[in-house]
Each structure stands twice: as C-alpha cells, then as structure tokens.
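Report on one structure; see the data block that follows.
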Number of protein chains: 2
Amino acid sequence: MLELRHLKYFAAVARERNIGRAALALNISQPPLTRQIQQLEELIGAPLFIRSVKGVELTAAGEALYADARAVLSLADLAVERARRAAHGQLGRLDVGIFGTGMFDIVPRVLLKFRNVFPDVEIAMHTMTKTEQVEALRQRRITIGFNRLVPKYPDIKSRVVMWERLIVGLPRSNPLAAREALSIADLAGQPLVLFPSTGHPNFSDFVAHQCREHGFIPQVVQEVGDAVTGVALVASGFGVCIVPESATHFKASGVVYVPLKESPPTMLDVSCLYLQDDPSPILREFLRILEEFRTENGVTDDA
Amino acid sequence: MLELRHLKYFAAVARERNIGRAALALNISQPPLTRQIQQLEELIGAPLFIRSVKGVELTAAGEALYADARAVLSLADLAVERARRAAHGQLGRLDVGIFGTGMFDIVPRVLLKFRNVFPDVEIAMHTMTKTEQVEALRQRRITIGFNRLVPKYPDIKSRVVMWERLIVGLPRSNPLAAREALSIADLAGQPLVLFPSTGHPNFSDFVAHQCREHGFIPQVVQEVGDAVTGVALVASGFGVCIVPESATHFKASGVVYVPLKESPPTMLDVSCLYLQDDPSPILREFLRILEEFRTENGVTDDA
DNA sequence: ATTAGTTCATACTCGCCGGGTATGGCGTTT
DNA sequence: AAACGCCATACCCGGCGAGTATGAACTAAT
C-alpha cells in the first residue's frame with residue numbers, strides 16, 4: 001500500500017539524485033531507503049530511477065511522479081496545519097444571523113473586531129427574524145444570532161452586546177420636531193408607526209408598554225415589518241415613530257430625530273444568541289472577542 | 001509520523017460517522033481503527049470526532065481535515081496513475097525540433113497521428129537548424145528532430161519519414177514555366193536561388209551536386225536561409241529555384257512549380273533524428289507510431 | 001427494572017515490515 | 001592495482017499495525 005513515507009523518501013532521492021545522500025538527509029541509513037524505493041517502483045509497476053555510477057536519475061515516470069509527490073506532501077502538511085488551526089477556531093466559517101437595524105452599527109463593529117483577530121475565518125451573514133434565528137441556531141445553520149429583546153430559552157444563551165437609547169423620529173412638519181428633547185408623555189395623541197409585530201416579545205410590545213407606563217394608550221396608525229419601512233412612513237407624514245438610536249444611521253429626507261429625555265433614558269438591548277452546548281472553537285473565540293468588546297465599552301447584562 | 005493510512009482511515013470514519021461500520025468498509029477490525037484515529041488526533045493535537053452512543057460526529061478540526069484528506073487521497077491516487085501512464089509513454093511532453101519546409105506537410109501529419117493515439121502527451125515544436133537539433137538532442141532539450149540529409153553521428157540514430165520529389169519553382173515570365181516537366185539539364189544557364197548554406201551536407205550542396213551530375217556548373221545568384229525566402233525571390237524574378245515538393249504548400253503569386261522528369265525522379269529525404277540511448281517511453285511510442293506511418297506509406301530507408 | 005443491543009475503548013498477543021549493520025558487486029579514479 | 005563512491009543484498013531486531021477478547025457506557029425494548 002502506498003504511504004506518505006514512500007513519497008517522502010522518493011522526493012528526497014529525486015531531489016538529491018543520489019540515494020546515499022538522500023538517506024543522510026532523511027536521517028536513515030541507505031539500505032532501507034533503497035528498499036523503500038524498490039517497493040515504490042514495484043507498486044507503480046515501472047522503474048522510477050535509472051541507476052548509474054554517479055547516482056540516480058529520473059525516468060519519465062519518475063519525473064511525472066516527482067511533480068505529483070511534492071504536491072501530495074505539501075498538501076498533507078497543509079491539511080495537518082489547517083486542522084490544528086481549525087481546532088483553535090482560527091479557520092473555518094462563522095454563520096451569523098442578523099436583523100434589520102442591527103446591521104447599521106453595532107453588528108458590523110463586533111464582526112470587524114473578530115475578523116481582525118481571525119482573518120481566515122469566513123463570516124457569512126444571514127438576515128432573519130428572531131424566531132428564524134432560534135430555529136437556525138438549533139439546526140446549526142448559524143453559529144450566532146444578533147437580536148433585541150430575546151426571551152429565555154432552555155438551550156440558548158444570550159449576552160448583551162450593547163444598550164441603545166431610544167429616540168423619536170418625526171416628520172419635519174410636526175410641531176414636536178423643533179424641540180431639543182422629548183418625553184414619552186409628549187407623544188400622547190400622536191399617531192404612532194410601530195414595528196415589528198411578529199415574534200413576542202418584540203420592539204412593538206416594548207414601545208406600547210412604555211407608553212402605558214407614561215399614562216396613555218398609544219394610537220397606532222400602522223404596523224410595519226422593520227425600522228427602515230417605519231422611518232419611510234414617517235417621512236411621508238404617516239405619524240411619529242420610536243426607534244433605537246442606531247436607526248439614525250438610516251437618513252431619510254423629511255425626517256427629524258429627537259432624543260428622549262427620560263432619565264435614566266429608556267434603553268433597548270442588542271444581544272447575541274448562541275447554542276448553549278455548541279462545542280465549536282470558533283464560537284468560543286467569538287465569545288472571547290465579544291467579552292473584550294463588552295469590557296471596552298463597559299456593557300453589563302442589566303439595563 | 002502522518003501516513004496516508006491515517007487519512008484513509010479517518011476519511012472512512014468521517015464518511016460513515018461510525019467507527020465500527022468504517023472498519024467493516026476498510027476490511028479491518030474495529031479496535032485497530034480506533035487506535036489509528038487516536039494516533040491521528042494526538043498528531044493533530046486536538047480531537048477530530050466527538051463520540052456519542054449513536055456513533056461519532058466531526059469537530060470543527062475534523063470537518064476541516066476531512067475536506068483536505070479527501071483531496072490528499074485522490075491526489076495520491078492520481079499521482080500513482082499518472083506515473084504508470086508516464087511509464088508507458090502515455091503522458092508527458094514531446095519536444096520536437098522542426099525545420100522550414102518540413103512543417104508544411106509531413107511533420108504535422110506524423111505528429112497528428114501521434115497525438116491521436118496519445119492525446120495527453122503535450123507536443124512542443126521548436127524550429128531550429130540541423131546543427132541546433134543535434135545539439136538540442138544531446139542536451140535532451142528535444143526528444144526528436146526532423147530534418148533532411150542527415151549525416152551519420154555515433155550517438156544519434158535517424159529514420160527516413162518520407163521521400164520527396166524535387167520540383168522547380170520559376171517566375172511565370174520564364175519561358176520554361178510553360179513546360180509540362182523539366183529535366184535538371186534544362187536548368188543549365190538559369191540563375192539559381194539556393195538554400196540553405198549552413199550545416200553540411202545541406203540542400204544547397206545536394207542541388208549543386210545534382211547539377212554537376214547533369215553536366216553543368218550551377219550559376220548561383222543568391223543563397224538564402226530557407227525555402228520560403230527562396231520562393232519569394234523567385235516570385236520577384238531573381239531566378240529559378242529547386243525545391244522539395246512540399247514547398248508547393250507555400251503559394252506565392254507569380255511563381256509556377258514544374259515537376260522534374262528524371263526517372264527515377266531525384267528524391268530528397270525527410271528524416272527523424274533521435275538520441276541512440278534515450279530511454280524515454282514517449283520516444284519509444286513515437287518511434288512505434290513512426291514505423292506504422294512508414295509501412296502505411298511504403299517508406300524504406302533507401303531512396 | 002432488567003435485558004438485549006448499540007457504540008467506542010482497552011488489554012493483550014502475534015507477525016509483518018521498517019530500519020539497523022555488515023558486506024558485496026561494479027565502475028571510475030588515481 | 002588500489003582506493004573510492006554508489007547502489008544492492010543478506011540478515012537481524014524491535015516497533016507497531018492488526019487481530020481476538022472483553023469492558024464500559026448508554027439506549028431501547030420487554
């Protein structure tokens with residue numbers, strides 16, 4: 001049976017054009033090397049070297065094999081090296097579930113930090129809803145997910161990546177648009193655009209809850225799927241909209257963003273989800289990077 | 001030390017996701033397979049499988065190695081196969097030295113026949129003079145050469161590929177251009193364009209000799225390097241030109257080709273040269289094809 | 001709960017084969 | 001003729017790959 005040993009020895013002899021010198025280079029004695037070469041020639045079914053008094057030279061078959069043998073040997077070395085790197089999470093693929101407004105600011109910053117440390121890990125991003133993320137995590141289609149307001153699941157852990165302030169998006173025509181800051185109470189009676197309504201608890205529920213806390217029932221004029229659509233509706237005068245701060249990265253003409261002055265300002269999380277018992281070394285490395293990110297930015301799990 | 005055995009066994013286990021079944025497929029028993037996998041894991045420095053009661057599944061490192069292992073194994077198989085084919089002359093490279101008028105007809109026909117039988121042998125053609133061909137053969141830069149009027153060398157054998165008739169190229173304005181056929185004697189007094197003058201014996205010497213045989217001293221007006229230049233000079237009225245028949249493949253306006261009627265017509269060889277003791281299987285196969293070609297066309301070594 | 005049936009791991013023996021030393025054959029060099 | 005270089009052969013030893021028998025851990029079924 002062909003073994004890497006045969007190819008390694010053969011390559012040494014082909015390189016040195018001399019069996020004795022090759023044996024020296026391989027740190028073995030000459031006779032066993034001769035034997036291995038003979039075995040290989042028998043396996044191929046043709047001589048690989050023509051022996052002369054000066055040493056050996058390659059036959060056509062030997063020439064052909066030499067080219068391939070080097071390729072096999074270096075590929076085998078590479079395979080071992082890559083397996084080692086994969087074991088330490090330095091190689092492979094990180095599938096990430098992302099969501100609407102998350103992709104504007106915080107998610108790219110975290111992923112960029114990760115990519116800087118592990119440039120050989122391919123990062124694939126998939127936009128999906130919260131429930132899709134949970135499903136995909138369980139099926140191992142993604143390794144981590146980013147989302148907000150994540151409920152507790154028995155098999156899924158989560159870690160807050162950052163806390164975001166809430167701000168109000170209004171059409172420039174609205175009288176409140178001129179204010180320096182607003183209170184949630186100021187929005188009583190204003191037509192509200194909410195999003196999204198799927199996957200409880202969600203941002204929609206969260207905003208409605210905040211309104212009730214401040215003593216009024218929100219007047220919902222429209223529910224949409226994502227923040228971008230919401231802001232678009234605000235721009236065309238449908239009403240006002242409470243959005244996380246990162247939504248301001250989405251500029252829409254005719255929309256003014258005004259901060260909320262509640263103190264401490266009402267905060268909304270962006271969290272990272274992952275499977276409790278996923279042994280992937282890439283995940284472990286990612287979580288390490290995430291912890292660094294949290295301490296750099298002073299993030300804790302409480303609001 | 002890593003061996004192909006490790007990769008082969010590992011690939012089988014990775015494919016079956018089960019050590020026992022993989023052992024069955026490999027025609028060995030289960031314990032040694034377990035041991036080999038453990039060895040491989042120790043070599044890599046990380047587990048490749050996570051064992052469960054249902055069987056095994058790949059870790060990230062295992063996943064990475066599996067992809068590479070298959071590549072190494074198939075490349076190793078390919079290497080053996082290609083070495084075998086190279087040993088039988090079915091793979092590799094045939095460097096051919098060719099010369100001016102040879103490339104018009106006979107050389108392509110022989111090489112095409114060879115290519116049809118050995119499509120995986122790369123054929124490289126190099127135009128060079130007779131002396132360059134001999135030099136290149138000795139330095140193994142070419143495996144075969146084609147040429148005419150090849151002298152005997154101690155280390156080089158030659159084999160006639162075909163015999164060519166001689167014909168006369170004349171400008172249309174020349175009175176002899178109207179004849180059906182010419183004798184060499186008819187050319188007495190005509191201005192002759194000869195080629196080439198390097199590398200004796202050469203075609204130039206050959207033609208001069210023929211003229212003397214027919215009782216006149218040739219009146220040489222110009223010597224040029226190759227047949228194409230010679231015919232070009234004839235076209236512009238420099239004189240007449242004796243060329244091998246295959247030169248008629250080079251059409252030049254204003255040139256008329258008239259056969260020589262000597263009986264048996266004076267013949268010129270195209271021969272194939274090769275190194276006496278070149279062991280290359282490709283050369284052997286080429287010579288075999290060449291012999292076929294000779295019997296098909298009834299070629300012998302005598303004129 | 002017990003049993004039967006998975007799966008992979010361990011313990012031990014056997015025999016092949018890779019690697020060692022010693023030596024021989026052969027051709028070149030001095 | 002002698003000395004040298006190179007590869008091949010002969011022979012021995014020990015490691016390791018492969019085999020059998022058995023254990024350990026867990027699941028599934030009765």
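Here is how names work: the chains are called A, B, and so on, in the same order as the sequence lines, proteins then strands, and each is numbered from 1. Keep in mind it's a predicted model, so treat the numbers as computed, not measured.
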Toward the 5' end of DNA chain D, by each residue's nearest nucleotide, P31(A) or R21(A): R21(A)

Q276(B) atom CD: more than 12 heavy-atom contacts under 6.0 Å: yes

Over 12 non-hydrogen atoms of neighbours within 6.0 angstrom of NZ in K157(A): no

Side-chain N,O (T34(B)) to OP1/OP2 (dA9(C)) below 4.0 Å: yes

Phosphate contact (dT9(D) OP1 or OP2) by Q38(A) side-chain N/O below 4.0 Å: yes

Presence of N18(A) side-chain N/O under 4.0 Å of dC7(D) phosphate oxygens OP1/OP2: yes

Sugar-phosphate, base or nothing in reach of E3(A), heavy atoms under 4.0 Å: nothing

Interatomic distance, M1(B) CE vs dG17(D) P [rounded to whole Å]: 12 Å

Straight-line distance of I98(A) CD1 to L111(A) CG, nearest 0.5 Å: 8.0 Å

Sugar-phosphate, base or nothing in reach of F49(B), heavy atoms under 4.0 Å: nothing

Side chain of Q39(A) - closest among dA18(D), dG18(C), dC26(D): dG18(C)

dA9(C) OP1/OP2 closer than 4.0 Å to side-chain N/O of R35(B): no

Sugar-phosphate, base or nothing in reach of Q30(A), heavy atoms under 4.0 Å: base

S29(B) vs dA18(D): side-chain N/O to OP1/OP2 distance below 4.0 Å: no

R51(B) side-chain N/O to dT7(C) phosphate OP1/OP2 under 4.0 Å: no

Geometric class of the Y66(A)/F10(A) ring pair [parallel <30°, tilted 30-60°, perpendicular >60°]: perpendicular

Rounded interatomic separation in angstrom, taking NE2 from H6(A) and C1' from dG19(C): 13 Å

Rounded distance (Å) that lies between atom P of dG18(C) and atom NZ of K8(A): 14 Å

Length of the CD1-P vector between I50(B) and dC26(D), whole Å: 16 Å

Distance, rounded to the nearest Å, where R5(A) contributes CZ and dG17(D) contributes P: 10 Å

Between P of dC8(C) and CD of Q36(B), the distance in whole Å: 16 Å

Nearest-angstrom distance from the residue atom CD of E42(B) to P of dG17(D): 12 Å

Parallel, tilted or perpendicular: rings of F203(B) and F206(B) (30°, 60°): parallel

Rounded interatomic separation in angstrom, taking CG from L26(A) and C1' from dG20(C): 15 Å

